[in-house]
Amino acid sequence: QVHLVESGGGLVQAGGSLRLSCAASGRSFSSYTMGWFRQAPWKEREFVAAISWSGTTYYADSVKGRFAISRDNAENTVYLQMNSLKPEDTAVYYCVAPTRTSIVVHNSFEYDYWGQGTQVTVSS
């Protein structure tokens, strides 16, 4: 069975950095887009970033220039490097993966596999 396991979340001061990791198991996702969503309490779940099988990256406007998504297909792992963190980045971050190769990356319904989430808290 497929599992996505996030790690790397924690507490950081504004302006700091964190690197999230998502290790996938049970299936190779080398031919699929993988991405990250986040959700703050009582807020809508929002797209953060995605990366295609070929390395094309997609970012929400709110994180563009600060976050960088990457992947290591040999390790079946996707990363999210988060720099210049702001308090508004505070949320649970979810690693996501689809079952189709052609998807609309910003649409959460495109993703069938979700990790358990990792908490990122940015203090002011």
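Count residues from 1 along the sequence. Predicted, not measured: the structure shown is a model, and the values here were computed from it.
- A distance of 11.0 Å separates NZ of Lys43 from CD of Glu88, quoted to the nearest 0.5 Å.
- Within the 4.5 Å cutoff, the side chain of Glu75 has no heavy atoms near those of the Asn73 side chain.
- Not a single donor-acceptor pair under 3.5 Å links the side chain of Asn76 to the backbone N or O of Ala23.
- Contact of the Phe37 side chain with the Cys95 side chain is not registered, since no non-hydrogen atoms from C-beta on lie closer than 4.5 Å.
- Counted within 6.0 Å of CH2 on Trp53, heavy atoms from surrounding residues, nucleotides or ligands total 12 or fewer; the atom is thus considered open.
- A donor-acceptor pair under 3.5 Å is absent between the side-chain atoms of Thr90 and the main chain of Thr121, judged by distance alone.
- Every residue two or more places apart in sequence or in another chain that forms a ring-ring contact (aromatic ring centres under 6.0 Å, His included) with His106 is listed here: Phe47.
- Of the options Glu46, Glu44, Glu6, a salt bridge (Lys or Arg N to Asp or Glu O under 4.0 Å) to Arg38 is made by Glu46 and by none of the others.
- Here Ser7 pairs with Ser21 under the side-chain contact (heavy atoms from CB on, under 4.5 Å) rule; sequence neighbours left out.
- The heavy-atom pair separating Val104 from Glu110 by the smallest distance is N-OE2, 2.9 Å.
- Taking all atoms of both residues into account, the shortest heavy-atom contact from Gln116 to Val5 is OE1-CA, 3.7 Å.
- Linking ILVMFWY side-chain heavy atoms closer than 4.5 Å, directly or via other members, places Leu11 and Val92 in two distinct hydrophobic clusters.
- No hydrogens or angles considered: nothing links the side chains of Thr77 and Asp72 as a donor-acceptor pair under 3.5 Å.
- Between Lys64 and Asp61, at least one side-chain nitrogen of the basic residue sits less than 4.0 Å from a carboxylate oxygen of the acidic one, meeting the salt-bridge criterion.
- Applying the under-4.5 Å side-chain rule to Ile, Leu, Val, Met, Phe, Trp and Tyr, the cluster around Tyr59 extends to Val2, Leu4, Val12, Leu18, Leu20, Phe29, Tyr32, Met34, Trp36, Val48, Ile51, Val63, Phe67, Ile69, Val78, Leu80, Met82, Leu85, Tyr93, Tyr113, Val120, Val122.
- The distance from atom CZ of Arg19 to atom OH of Tyr79, rounded to the nearest 0.5 Å, is 5.5 Å.
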Open item on the list: Run the side-chain hydrogen bond (donor to acceptor under 3.5 Å, both in side chains) test on Gln81 and Asn83 for me, step by step, so that the C-alpha distance in whole Å, both residues' side-chain angles and the decisive distance to 0.1 Å come before the verdict.
Closed with: CA-CA 6 Å; Gln81 178 67 46; Asn83 299 321; 3.0 Å; yes
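- In this structure, OG1 on Thr33 lies 6.0 Å from OH on Tyr111, to the nearest 0.5 angstrom.
- A salt bridge does not link Asp112 to Arg100: none of the charged nitrogens lies less than 4.0 Å from a carboxylate oxygen.
- One finds the OG atom of Ser17 at 10.0 Å from the CZ atom of Arg66 (value rounded to the nearest 0.5 Å).
- To the nearest 0.5 Å, the span separating OH on Tyr58 from OG on Ser52 amounts to 5.0 Å.
- Going from atom OG of Ser124 over to atom CD of Gln13 covers 9.5 Å, rounded to the nearest 0.5 Å.
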